[in-house]
Asks: 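So that we are looking at the same thing, I have put the structure below in structure tokens.
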There are 2 protein chains.
Amino acid sequence: MRPTVHDIAAAAGVSLATVDRVLNQRPGVRQATRRKVEEAIREIGYVRDVAAANLAKSRVYPLVFILPTSDNSFMHGVLEEVKQAVARSGGERTAIRVIEVPAFDPSAIVAALQGLASEKPAGVALVATDAPEVRAAVDDLVAAGVSVVTLVSDLTGSRRHHYAGVDNIAAGRTAAHLLGRFLGAKEGEVAVLAGSMLVRDHRERLEGFAALMAEQFPQFSLLPVVEGRDDPELVNVLINATLSKNPRVIGIYSLGAGNRGLIKSLKESRPQRDLTVVAHELTAHTRSALKDGLIDAILNQDAGHEVRSAIRVMKAKADGLAIIPAQERIRLDIFLKDNLP
Amino acid sequence: MRPTVHDIAAAAGVSLATVDRVLNQRPGVRQATRRKVEEAIREIGYVRDVAAANLAKSRVYPLVFILPTSDNSFMHGVLEEVKQAVARSGGERTAIRVIEVPAFDPSAIVAALQGLASEKPAGVALVATDAPEVRAAVDDLVAAGVSVVTLVSDLTGSRRHHYAGVDNIAAGRTAAHLLGRFLGAKEGEVAVLAGSMLVRDHRERLEGFAALMAEQFPQFSLLPVVEGRDDPELVNVLINATLSKNPRVIGIYSLGAGNRGLIKSLKESRPQRDLTVVAHELTAHTRSALKDGLIDAILNQDAGHEVRSAIRVMKAKADGLAIIPAQERIRLDIFLKDNLP
DNA sequence: AATTTTTTGATTTACGTACATCAGATTTGG
DNA sequence: CCAAATCTGATGTACGTAAATCAAAAAATT
């Protein structure tokens with residue numbers, strides 16, 4: 001049996017009430033007594049039974065997700081996973097709310113974050129846009145005692161407690177590695193399609209990709225980045241233009257969303273061009289393109305894992321508890337035709 | 001506020017005691033009343049508060065892991081993860097015990113399983129050896145109300161509740177896909193190194209690998225499988241022999257353990273031979289070999305995730321609760337030099 | 001209708017913690 | 001040294017469920 005508050009009281013030679021005052025940092029305990037109790041806690045290795053404590057407090061964790069209203073499958077997937085988490089919220093003692101903000105708009109995120117300052121939820125998870133004012137707003141929330149987790153795209157330099165997303169530099173390098181080796185002895189140009197260079201995760205992917213290509217596969221030259229704003233229509237137009245303008249393109253790295261447009265272009269160019277393609281995010285569209293051989297590999301981050309991890313971390317941080325780092329590491333999944341889930 | 005037992009009692013027009021009798025399937029309730037209560041439960045959507053229930057019952061989940069005493073890094077990793085789970089057992093209300101049995105020995109597993117029949121733990125997780133008598137022993141345990149999870153290697157046809165491990169056929173196919181594409185335009189022979197064809201996971205990996213090679217890359221011929229019994233020394237000898245006997249070998253798929261021996265061989269052959277290698281299980285040895293370019297890709301199953309998943313599933317099944325399937329899916333990780341964790 | 005059996009209700013204690021109240025003890029300041 | 005302020009103890013209630021006891025009611029049996 002693990003020790004209880006009663007055991008601390010006995011060990012420290014004080015009453016239950018005093019132990020309670022120390023544990024819940026309530027006033028009315030002399031320094032000396034407080035130390036004595038803390039000593040006993042350490043000695044017998046007491047850890048608060050969170051389940052019982054939450055029961056006694058009728059505690060619920062009010063959590064907020066701030067998500068961009070992007071019209072792409074990946075963000076829809078994230079939203080879907082949050083909704084499923086809402087469905088489970090009873091058993092997990094969470095009360096989850098979603099705030100949708102326009103994409104690529106720092107001020108909207110800032111407004112949302114500031115609106116939360118008074119509400120003081122237990123935790124906030126946000127898909128961060130990389131801007132100083134967002135950083136400041138996040139820091140303010142952290143200072144106010146809210147646990148903050150960045151989702152999908154990080155906000156380095158801020159005081160956020162945790163980042164639930166993949167290492168995007170490694171993702172870019174991995175894409176380069178796959179593309180380079182799949183292309184093998186061929187020679188030609190490689191095109192890169194991004195959403196926006198304003199988003200940190202896209203910048204990082206490009207950075208990793210370009211670095212490894214230069215290091216390991218100098219025989220392929222990179223075309224200037226095409227920014228499709230994660231918009232399928234725009235992507236389709238841009239990729240068509242790129243392909244017709246550059247006949248030597250033999251590989252494409254799509255590091256953002258809006259792959260529906262890319263796939264359309266690939267289909268149209270199919271008989272004439274032999275393209276090796278690495279894309280991000282497993283969606284219904286990219287999945288079937290992978291199966292059909294239009295795409296050669298998909299790099300993915302599991303939205304479900306990210307959302308569940310963010311919730312676990314927000315809860316743990318709200319209670320000042322430790323997490324299991326390995327469990328919360330978001331992995332970069334590599335999908336080929338043959339290991340689709 | 002979610003409904004409580006009191007709400008059911010009120011809704012069904014019965015007393016708390018009757019609700020309790022129905023909920024915990026205690027005798028002394030007429031069929032008609034029982035139905036009335038169950039109706040109310042459904043109507044108002046009551047779900048038992050597991051935390052409160054466990055508190056009231058002072059419940060602990062006695063769990064048992066049956067692991068083979070294999071001298072390879074992967075199994076050591078599994079054991080290590082179980083130990084870490086033991087360290088967390090206080091907060092998770094688990095009491096975990098490990099039984100070590102000789103590897104590749106069905107009768108030892110059967111003996112262990114039968115020994116547990118009287119003890120009746122809440123759950124048992126085992127690395128199954130694929131044999132009819134093991135299947136029977138597992139089915140007996142399931143019949144006795146113990147939740148059983150197979151770990152790493154499955155036991156199809158048995159009544160185990162869950163399998164916490166990767167899809168090994170897909171793993172083999174993925175290995176073939178990577179090896180085939182990495183080899184590109186080259187021609188030659190491919191060697192396959194396994195631990196033992198007695199273990200289901202190894203058989204399945206081979207099956208997937210051979211099938212995809214035949215389908216997609218007929219230009220490479222497969223050498224007969226080499227069985228290294230997951231023993232580094234033996235593997236080293238066997239691979240050396242294979243390489244010197246077959247000068248046309250250009251690729252190796254190592255689907256089992258004992259890769260320390262393989263890596264030694266690769267190092268020795270390095271200047272003369274240009275080999276493309278895909279191996280399983282990320283360990284200290286395979287990791288550094290990947291970094292050094294001796295191995296081109298590593299397929300991995302995360303032992304930590306497997307163990308934590310097995311525990312979650314055993315607990316849930318013991319309470320007759322649902323799991324989140326996506327959360328419990330064990331992914332096949334593909335590691336290249338650039339996405340190592 | 002009387003008796004036995006079965007079913008139901010009312011009540012209590014417990015799990016480990018939180019939180020509040022009030023009385024009593026100890027310390028502090030003057 | 002006494003009053004005031006501060007600290008500590010004792011006690012009770014609550015959270016949602018489990019489990020037990022005993023009395024009362026209803027049903028089934030004779």
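Reckoned from all heavy atoms, side chains included, excluding hydrogens, waters and symmetry mates. Each chain gets a letter, A, B and so on, in the order the sequences are listed, and its residues count up from 1.
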Asks: Yes or no on salt bridge (charged side-chain N to carboxylate O under 4.0 Å, His left out) for B/D302 and B/R331, after CA distance, side-chain angles and deciding distance?
Replies: CA-CA 8 Å; B/D302 188 315; B/R331 289 180 281 185; over 6 Å; no
Asks: Any salt bridge linking A/R59 with A/D319? Criterion: basic side-chain nitrogen under 4.0 Å from a carboxylate oxygen.
Replies: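 Judged by the 4.0 Å cut-off on N to carboxylate O distance, A/R59 and A/D319 do form a salt bridge.
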Asks: Expressed in angstrom and rounded to an integer, what is the separation of B/R93 atom CZ from D/dT17 atom C1'?
Replies: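 That distance rounds to 12 Å.
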Asks: Considering only side-chain heavy atoms of B/L55, which listed nucleotide, D/dG16, D/dA19, C/dA18, is closest?
Replies: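 Minimum distance to the B/L55 side chain belongs to D/dG16.
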Asks: For C/dA18 and A/R48 - does any side-chain N or O of the residue sit under 4.0 Å from the phosphate oxygens OP1/OP2?
Replies: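 It does, given that an N or O in the side chain of A/R48 lies less than 4.0 Å from OP1 or OP2 of C/dA18.
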Asks: Among D/dA19, D/dG16, C/dG16, which nucleotide has an atom closest to any side-chain atom of B/A56?
Replies: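 Nucleotide nearest to B/A56's side chain: D/dG16.
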Asks: Between A/V166 and A/E306, what is the shortest heavy-atom contact and its length?
Replies: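 Taking A/V166 first and A/E306 second, the nearest heavy atoms are N-OE2, 4.2 Å.
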Asks: Flag the pair A/D154 and A/R160 as a salt bridge only when some basic side-chain nitrogen lies within less than 4.0 angstrom of an acidic carboxylate oxygen.
Replies: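 Here A/D154 pairs with A/R160 in a salt bridge, since their nearest N and O are under 4.0 Å apart.
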Asks: Categorize B/D20 for me: base, sugar-phosphate, or nothing, with a 4.0 angstrom heavy-atom threshold over every strand shown.
Replies: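 The residue B/D20 makes base contact.
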Asks: Give the rounded distance in Å between these two atoms: CG of A/D49 and P of C/dA14.
Replies: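 Rounded to the whole Å, the gap is 18 Å.
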Asks: Between A/E38 and A/R35, does any side-chain N to carboxylate O distance fall below 4.0 Å?
Replies: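 Salt bridge between A/E38 and A/R35, a charged N being under 4.0 Å from a carboxylate O: no.
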Asks: Is it true that B/R308 and B/E328 have a side-chain N and a carboxylate O under 4.0 angstrom from each other?
Replies: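 Salt bridge: no.
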Asks: Between atom CG in A/L23 and atom C1' in C/dG16, what is the gap in whole Å?
Replies: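 Rounding to the nearest Å, CG of A/L23 and C1' of C/dG16 are 12 Å apart.
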Asks: Within residues 5-19 of chain A, find the residues that approach DNA chain C with a heavy atom at under 4.0 Å, and present them sorted by residue number.
Replies: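 Output list: A/V5, A/H6.
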Asks: Rounded to the nearest Å, what distance is computed from the NZ atom of residue B/K57 to the C1' atom of nucleotide C/dT13?
Replies: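 B/K57 atom NZ is separated from C/dT13 atom C1' by 17 Å.
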Asks: Tell me: CG of B/N54 to P of C/dT17, nearest whole Å?
Replies: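 Between P of C/dT17 and CG of B/N54: 15 Å.
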Asks: Please give, in whole Å, the distance from D/dT8 C1' to A/K36 NZ?
Replies: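 The answer, rounded to whole Å, is 10 Å.
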Asks: Show me the protein contacts with nucleotides 22-30 of chain D, counting only N or O atoms at under 3.5 Å.
Replies:
none

Asks: Ion pair present between A/E39 and A/R42, side-chain N to carboxylate O less than 4.0 angstrom?
Replies: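 Salt bridge flag = yes for A/R42 with A/E39.
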Asks: Give a yes/no answer on whether the side chain of A/R26 brings an N or O atom under 4.0 Å of OP1 or OP2 in C/dC19.
Replies: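 Checking A/R26 against C/dC19: at least one side-chain N or O falls below 4.0 Å of OP1 or OP2.
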Asks: Measure the distance from CG on A/L321 to P on C/dT17 and round it to the nearest whole Å.
Replies: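 Computing the A/L321:CG to C/dT17:P distance gives 13 Å.
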Asks: With a 4.0 Å cut-off, would you call B/D49 and A/R93 a salt bridge?
Replies: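 So B/D49 pairs with A/R93 through a salt bridge.
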Asks: Identify which one of B/T150, B/I330, B/T156 satisfies the side-chain contact (heavy atoms from CB on, under 4.5 Å) criterion when paired with B/Y163.
Replies: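 For B/Y163, the side-chain contact (heavy atoms from CB on, under 4.5 Å) check succeeds only for B/T150.
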Asks: Measure from OH on B/Y46 to C1' on D/dA18 and round the result to the nearest Å.
Replies: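 Whole-Å distance recorded here is 10 Å.
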